[in-house]
Amino acid sequence: MNMAENVKVRTEETLRVKIGEAKNLPPHSVTGSGRNTFCAILLDREEIFRTATVEKSLNPFFGEEFHGEIPRKFRYLSFYIYDKNDKALGKVSLRKRELHKYHGKEHWFSLLPVDVQSEVQGKVHLEFRFDEYLSSSPDVTYASHRMAVRVIECNDLMVINGACNPYAVVTLSYGQGRHREEVRRTNVKKKTISPLFDETFFFDLDNKGQNHDRNNYYVEDIFSGELCISVWHDESRMAREVLGSIFPGVFLGEIKISLRDLNTSGIQNAWYFLRAKNDMRQPHENVGSMRLKISYTAEQVFASQYYDDLRNVLLESPDIQPISSSAAYILGQIVDNRQEVAQPLVKVFHHHGKIVPFIKTLAIHEIKQTLDHNTLFRGNSLLTKVLDELMKLVGLPYLHFTIKPIIHQICSEHLSCEIDPARLKEGENLEVNMETLKNYIKHIFDAIMVSGLACPGIMCEVFAALKKAAQDHLPDKKEVRYQVVCGFIFLRFFAPAILGPRFFDLTTDTQDETVHRTLTLISKVIQRLGNLVSSQSWTYCPKEDYMVPVFEHFSDACHVEAVKMYLDIISSSTKKHSKQMDIEQPVVLKEGMLIKRAQGRKKFGLKNFKRRYFVLTNQTLTYSRSKDDDPLFVIPIGNILAVEKLEEQSFKMKYMFQVIQPQRTLYVQANNCVEEKEWLDILTKVSNKNKNRLKEFHPAAYLNGHWLCCKAVDQSSPGCTPVTGGLPVTEIQVDLDSDREVEKIHSLFLTHMDKMEALHDMCGILEVYSGEAVVNNTSGFQIEDSKSCFETLNEVLKCVISLEQEHLHYRKALQREMVTGSFETPIGDDSLIISNDNDTKL
Amino acid sequence: MREYKLVVLGSGGVGKSALTVQFVQGIFVEKYDPTIEDSYRKQVEVDGQQCMLEILDTAGTEQFTAMRDLYMKNGQGFLLVYSITAQSTFNDLQDLREQILRVKDTDEVPMILVGNKCDLEDERVVGKDQGAKLAQSWDCGFVETSAKAKINVNEIFFSLVRAINKKNPDTRGGKKSGKSKSSCTLL
Ligand SMILES: Nc1nc2c(ncn2[C@@H]2O[C@H](COP(=O)(O)OP(=O)(O)OP(=O)(O)O)[C@@H](O)[C@H]2O)c(=O)[nH]1
Ligand SMILES: [Mg+2]
């Protein structure tokens, strides 16, 4: 296949970061004591995430995770440690193109001091020209030389304290030691990060040589000179008026060009990245270090048909005997990180309706390999990871529906449930704590027990398949049938969600020690209760002494029966109840603080901007004053006609999007580009199926009597731009992007080519020696049937190689199109935001 | 009395809890009840010195590993347990060790490699030499144990205490001296 020029290639970028901890932060200069710190993640200069504050420590442990889609180009990914009073203590800045070096592995990075002069972003568009012109003095006419520097425009400058009033300064330094200067400056542009200056400055070159004898004039002399174009923010008119032009403004960046590097014939016109001040490279003081785990991936996703071959090989996996010879299983063998494998596999199989047979085949395979049925499905295998990911993918609404309210209650009540006498704090009463704990456990337990019918159909089908497999292969071990189901629903779903509600989107807050301890205790009991059904006797289990009274309280026939019934319901494959699964109550899909513009419901009244707490459920989008207030306004999902970005120029605000309804449009501002994309995506997803969805919309706002985009004056005039459809609409579900997932799998295969080849060789050898154990199997590969494994590998290799060809073509085409100095690819990509190249310690 | 924070790590079902409970209470737990996070205290005498051991028995289930960082940060010594009857549990330990070293940001962390379930000789898939070789490359102690048959159970905990002592001999006030350069070759 040849990549047609007009085929759209999407680039999808994902960032996953674990912020571990920092250490050896500089102590407070006055008190010398600990600090209250938090860590923020920045794309270039834009903050996209911050952790909770850790109090009074110079070695703060954050233990937080960020995960998001990156919707825009960026050059630097940075991590800043701030003291709570907003002073930055240090930072780690990594270039985008070096991120792969740290992929998926944890590292300690040295923190660098943050100094304002090194914080630079944006680019400048310049033009240089050398003229020769005739000038005459009374007695002679001679050729003069001059240089024209045209400062055209800047883009994406930094905002200082909410403002940016930029001007540019052009400095020519020349002469011995470049100590002589000629300085020009542009006018100040107000309130813009993309000023259009278009001012040209002329520098006479003739009288600047070291040789002042005109007859011996040599332009060369001047070429030891240097041009500096710097951009400044004009901070306050007051300061300027008082202090005059000596008041320097705030530095926004500069570029320096040696005249030698300029081409004297012709015009040079190019974009340049602004850089930090050059002389900033003093020896760094030590401001500590931080531990991060960064996984950044960027996939170039082609049109669907390019993925068909590989997709088909993958989807055949459940039908391959033995499964260990299937493409999916092989992928699990060659990649160490099972989560990285399980995530795309689950999405692909689920999307194409093959997840149940896939899991079933894996399960039977694992049952046959497990000697001790006690530990069946309890290891960390491809199967268990696949189930974890599936439950996270399809089970979150169910989880939220079942336990979110009570988790919320526990977090906000903040009561101690400590029942370990050794850990009891002063003034706490063990009996009181015990009662509180029992009460919470009862609530959660009951909530789960009555929720059976709400469990998503696909999970029920999977559980039914697992139960059936256990039944067929271990017919005399009745208890295993329950054990396999509760081993997933309790041990791998409810218990981890209770213990770490943030990782399951149950809450966005971090838990302090007290709440965390409560959740740990509850999680332990819920897991134990689930596990009771597979015991012959549910009495004494000798573990921690202090837990015994709680366990005994709940360990009775009545609880065991309830669990059994619940497990029976969620593992019956009859699709009957999949109808009832449409949960009646609203399920929260996304929530958070945003800024919205008044919708103009009141005729008069200002259309001002206010912070509101937005909540999107599967039924409505609402906003209220704060998290726990009643909604001020409710938009039923059915009323959403379109959800689109709003052009920045409308309100001169970034990250604005619009929720278009029949009578009005709600304009909302997200906090950063990642959040904006998340809201856009989820809102599009829930409203995509609306019958009255618009085909066209206005990308800008209606202001001062006309639409800013198409200039139409009628407010009700139909849109001028087609709506964006979100992801390509595929047959069954819109919310999974099968092509992208297959692309991910492709790149996993590709990066583990060496292992694939090793496995390939090994299969080959086994074949030749007809299966005799001549191969010294140190690699840990499991080869059950070398012939079929060999065949699958051949097919996979074929698909991967041909797909990679397309990537190569595409990359080459991109490179051809790339013009250094263009807007997209400015000159000077090595900006001096000092990078941490050599800072990894491991 | 000196306190020791010991952490037991390893994949699900390898016998971390069985070993811990056998050591603390002298009972073998037949029933498999996967752990979320259990902690025990036990006072013992090692080389004539009274020690208070605080033992954290952790979850092998990967879903709970978000907590591991914190255990690793706070723990002073680690038992890395696999089952000699399951190859994958042995392979999983490499990552765990690396994570400990990362979190601790040092190459010298007291740890013992433990091959459990050595009573099940018939089902053995991980050879004793494999374990010994790995321990050698890690420069740490290695013992095969059985929580069921009570083989070497006390030994692993005692060895770990000794490894900690060796790394940090001076302990007045529980403060780390952090100066010791001795490597942790054991046994
Ligand atoms: N034969 C034999 N079985 C053992 C031994 N140690 C543990 N077991 C059994 O293996 C199963 C799992 O043991 P646990 O100690 O609960 O496993 P764990 O490592 O704590 O597992 P998680 O808590 O899930 O991480 C139980 O059924 C134990 O009885 C042993 O030394 N020999
Ligand atoms: Mg355990």
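Hydrogens, waters and symmetry mates play no part in the numbers below; they use all other heavy atoms, side chains included. Each chain gets a letter, A, B and so on, in the order the sequences are listed, and its residues count up from 1.
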B:Leu70 portion near chain A, given a 4.5 angstrom heavy-atom threshold | both
Between B:Phe64 and A:Leu491, is a side-chain contact (heavy atoms from CB on, under 4.5 Å) present by the stated rule, with each step listed?
-> CA-CA 9 Å; B:Phe64 298 97; A:Leu491 180 61; 3.9 Å; yes
For the pair A:Asp420 and B:Arg41, find out whether any cationic side-chain nitrogen is under 4.0 Å from an anionic carboxylate oxygen.
-> no
Indicate whether any N or O donor in one side chain lies under 3.5 Å from an N or O acceptor in the other, for B:Ser11 and A:Arg378.
-> no
Heavy-atom proximity to chain B below 4.5 Å, by part of A:Glu21 | side chain
Of the backbone (N, CA, C, O) and the side chain (C-beta and beyond), which part of A:Phe377 lies under 4.5 Å from a heavy atom of chain B, both, or neither?
-> neither
How long is the gap from CG on B:Asp57 to NZ on A:Lys543, to the nearest 0.5 Å?
-> 6.5 Å
Would the number of heavy atoms belonging to other residues, nucleotides or ligands and lying under 6.0 Å from CD of B:Gln43 be above 12?
-> yes
A:Gln369, CD: over 12 other non-hydrogen atoms inside 6.0 angstrom = yes
Look at A:Arg291 together with B:Asp105 and state whether they make a salt bridge at an N to O cut-off of under 4.0 Å.
-> no
Bottom line for B:Val103: the part with an atom under 4.5 Å from chain A's heavy atoms is both
Identify which of A:Gln483, A:Arg338, A:Glu65 forms the greatest number of heavy-atom pairs closer than 4.5 Å to chain B.
-> A:Arg338
So does B:Glu37 pair up with A:Lys524, basic N to acidic O under 4.0 Å?
-> no
Interatomic distance, OG@B:Ser83 vs CG@A:Asp372, rounded to 0.5 Å, equals 9.0 Å
Mind checking whether A:Asp336 and B:Gln94 have side chains closer than 4.5 Å, heavy atoms only?
-> no
To the nearest 0.5 Å, tell me how far B:Arg102 CZ sits from A:Trp108 CH2.
-> 11.5 Å
Selection from B:Gly12, B:Pro34, B:Ser17 maximising heavy-atom pairs under 4.5 Å formed with chain A = B:Pro34
Go through the steps to decide whether A:Asp545 and B:Tyr40 satisfy the test side-chain contact (heavy atoms from CB on, under 4.5 Å), and finish with yes or no.
-> CA-CA 9 Å; A:Asp545 293 332; B:Tyr40 303 88; over 6 Å; no
Would you give the length of the straight line joining atom CD1 of B:Ile36 to atom OG1 of A:Thr520, rounded to the nearest 0.5 angstrom?
-> 9.0 Å
Exactly one of B:Thr35, B:Thr61, B:Asp33 clears side-chain hydrogen bond (donor to acceptor under 3.5 Å, both in side chains) with A:Gln527, and that residue is B:Asp33
Sidechain-backbone polar pair: A:Glu544 side chain, B:Ser39 backbone, donor-acceptor under 3.5 Å = yes
Are the side chain of A:Asn531 and the backbone of B:Tyr32 linked by a donor-acceptor contact shorter than 3.5 Å?
-> yes
Whatever's closer than 4.5 Å to a heavy atom in chain B on A:Lys293 counts as neither
Part of A:Arg423 within contact of chain B (heavy atom distance under 4.5 Å) | side chain
Can we say A:Arg492 and B:Glu62 salt-bridge, meaning some charged N sits less than 4.0 Å from an Asp/Glu carboxylate O?
-> no
Partner of B:Gln63 under side-chain hydrogen bond (donor to acceptor under 3.5 Å, both in side chains), chosen from A:Asp388, A:Thr384, A:Asn380 = A:Asp388
